[in-house]
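Reading through the structure tokens given below for one structure.
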Amino acid sequence: MTAHGAANGTADIEFIDVSKHFGAIAAVDHVDFAIARGSFMSFLGPSGCGKTTSLRLIAGFEQPTTGDVRIAGTSMVGVPAYRRPVNMVFQHYALFPHFNVADNIAYGLRQRRPRPDRAEIARQVDATLDLVRLPGFHARRVWELSGGQQQRVALARALINRPTVLLLDEPLAALDRKLRRDMQIELQNLQREVGITFVLVTHDQEEALSMSDTIAIMRDGRVIQIGSPRTLYDAPANRYVAGFVGESNFFPGEVVAADERGATLKTAAGVVLSAPYPPGGATLVGTARGVIAVRPEMVAMWVGPDDPDGAAEFSCRLGGRVHNRIYLGDQTEYSVATDQFGDVLVRAAKASALEIGPGQEVRLGWRQASGLALVDS
Amino acid sequence: MRNATGPSPLLTAVLLAPGALWFLGLLVLPLGVVIVFSFGERAAVGGYQAAFVLDNYLNLPARWTAFKNTLVLAPIGTVVCLIAAYPLAYFLAVKARPETRTALLILVIVPFWTSFLIRTYAWMFILGGRGLPSLIEWAGLGEVRFINTPFAVLLGIVYAYLPLMIFPIYVSLEKLDKRLLEASEDLGASPWRGFMQVTLPLSAPGAVTACMLVFILLMGEYLIPQLLGGGKVFFIGNALVDLFLQSRNWPFGSAVAVSLVVIMLATVSVYMRFAGRIGGARDVSLV
């Protein structure tokens with residue numbers, strides 16, 4: 001785990017040993033982190049991992065059972081939601097059905113004391129509608145809008161208040177794939193434009209990877225790892241993170257040898273595999289079991305008895321039969337049944353492997369350095 | 001698809017027949033008869049004698065007290081019901097824990113398990129000379145009289161119609177998306193302001209419906225003024241019974257009845273126009 005600017009005052013949000021219990025259940029369990037000002041942070045995890053509760057602790061809809069939540073250096077414990085300098089884009093937008101678009105967006109300004117005058121509110125509503133690219137939508141009823149348009153109104157309604165932090169609770173979950181993709185790019189652009197700290201909660205790893213500066217991976221109320229998308233992909237802290245960020249083949253086994261740089265495991269089928277630890281990863285010295293993770297794009301696949309160039313360096317070579325093939329456009333994903341490891345996922349660039357189809361006998365291999373020896377949890 | 005042609009005309013007719021006959025025979029036809037009667041004359045032995053005179057309508061001021069009581073106590077009763085019912089409905093829908101909510105809702109319904117007549121009789125005894133007044137006198141708080149006063153009638157009205165007011169409001173509050181209140185709070189509105197700007201307008205359609213329901217029923221109320229008003233505080237309904245069954249002046253009774261219908265239609269249409277202005281909230285209830 002890494003902390004970003006926790007002590008030097010550049011953090012917009014800090015969680016200091018925060019726990020939140022609902023009855024006997026700890027939804028958030030001793031969580032510490034800091035979110036740098038102006039950054040795009042995501043909480044990623046399956047449902048029930050505590051990511052939404054963390055967001056609600058920031059928004060003020062929940063109060064921590066223990067610990068301290070700070071926004072811009074000020075403790076927010078006991079401060080109700082309506083006095084916090086944060087705004088939220090709700091999962092299903094929660095737009096006010098009895099107001100038109102303009103009144104929805106102006107809602108936050110109208111709560112200010114002293115209340116801005118009419119002309120000022122109108123000017124800001126215009127500017128914000130332009131910002132979210134919905135000019136002229138003032139008088140529209142919210143239920144007449146498409147999902148993407150409602151999403152923009154929800155964004156505008158939050159952004160018009162110039163919050164210190166914008167909270168986004170699965171904001172794109174209700175949109176179809178194409179629109180989601182567009183909105184991801186738009187959200188990123190918007191974040192750069194307005195310079196506000198964005199905190200996103202999502203269960204969609206692709207979304208988190210593509211938009212965030214920093215991702216916190218959560219499980220069972222705890223933060224498992226915090227880091228940049230690249231760090232999480234290249235140096236996952238354990239099997240859970242590797243499985244959540246991108247795809248991997250996992251080969252669990254008994255640790256037969258381990259030193260400071262890597263480990264050798266013996267799998268259930270008796271195959272011995274070695275791999276280095278990820279940079280900064282935990283060692284498996286003194287651990288009974290571990291797992292070796294190999295990204296599908298790191299697995300080479302070829303046909304015939306002759307090894308291709310560079311195969312001499314492969315630490316592992318085995319045979320298998322392709323039983324499924326999925327085109328991903330520029331890449332093709334193969335599922336290869338092997339005796340030793342069951343199904344192995346292989347991802348090959350388009351050019352290399354067009355002629356391989358289901359039923360084909362193939363050989364697989366990967367470099368020792370391409371695998372990662374990880375804690376199996 | 002079947003829908004393209006629609007059901008056969010015969011089937012439509014068969015399905016509509018029971019309802020149509022019901023309305024024709026029991027609403028439209030009697031109403032026509034009443035309107036015709038209202039222009040007639042009282043026969044010497046009572047009842048109706050064909051004629052076309054306006055005397056019955058010109059004579060309406062003779063029953064001014066009944067109109068006044070109805071037109072004063074029905075709106076007041078409706079408003080008191082609303083004031084009493086809204087907080088209760090709000091508590092049930094928003095504040096009550098789900099485990100206790102069902103039990104509390106059943107408590108609201110429980111009075112319906114006993115006949116309305118019996119419950120009103122019970123109030124007669126509670127408010128009567130040997131009920132509450134004697135208790136108050138015994139406590140040395142002076143002499144009071146409840147029964148046969150407008151207060152007694154109002155009390156009976158509120159007691160009887162409260163559940164009818166509670167349920168539509170409860171339903172509109174219950175289906176209100178709680179996340180809207182979180183959104184309101186998130187945008188800087190205190191819970192009170194959130195209530196005023198979100199909860200109240202979004203539950204207004206329920207309140208509008210409930211008020212109309214109670215008001216219309218109150219305008220035609222007969223039993224409560226009869227038992228708790230004791231002939232001193234009487235409604236149009238009581239005047240009608242009196243005119244038709246005691247005086248046997250059917251034409252004049254018909255004129256009073258027609259006036260009641262006209263007043264009711266006028267009030268309700270004015271009310272609906274006014275209520276329609278309570279924001280787009282009315283459309284919302286359809287979403």
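Residue numbering restarts at 1 for every chain, and letters A, B, ... go by the order of the sequence lines. As the structure is a prediction and not an experimental result, all values here were calculated from the model.
Counting heavy atoms of neighbouring residues, nucleotides and ligands inside a 6.0 Å radius, atom CZ of F116(B) exceeds 12 of them. Environment of NZ in K95(B): sparse, with no more than 12 heavy atoms of neighbouring residues, nucleotides or ligands closer than 6.0 Å.
A heavy-atom distance below 4.5 Å is found between the side chains of Y82(A) and P191(B). Taking the side chain as every heavy atom from C-beta outward, F99(A) and P201(B) never approach each other to under 4.5 Å.
Nearest heavy atom pair, residue Q197(B) against residue H98(A), reads O-NE2, 2.8 Å. Shortest non-hydrogen contact noted between A94(A) and A183(B) is O-CB, 3.8 Å. For Y107(A) against G194(B), the heavy-atom pair with the smallest separation is OH-CA, 4.2 Å.
Distance check: D186(B) CG to R56(A) CZ gives 10.5 Å after rounding to the nearest 0.5 Å. Between the NE2 atom of H92(A) and the CG atom of L180(B) there is a distance of 12.5 Å, given to the nearest 0.5 Å. Taking CD from Q111(A) and CD from E185(B), the interatomic distance works out to 11.0 Å, rounded to the nearest 0.5 Å. Interatomic distance, D177(B) CG to F90(A) CZ, rounded to the nearest 0.5 Å: 9.5 Å.
Residue contact with chain B, scored on non-hydrogen atoms closer than 4.5 Å, is absent for L109(A). Interface residue N161(A): only side-chain heavy atoms are found under 4.5 Å from chain B.
The candidate with the highest count of non-hydrogen atom pairs below 4.5 Å against chain B, out of R84(A), R83(A), R157(A), R110(A), is R157(A).
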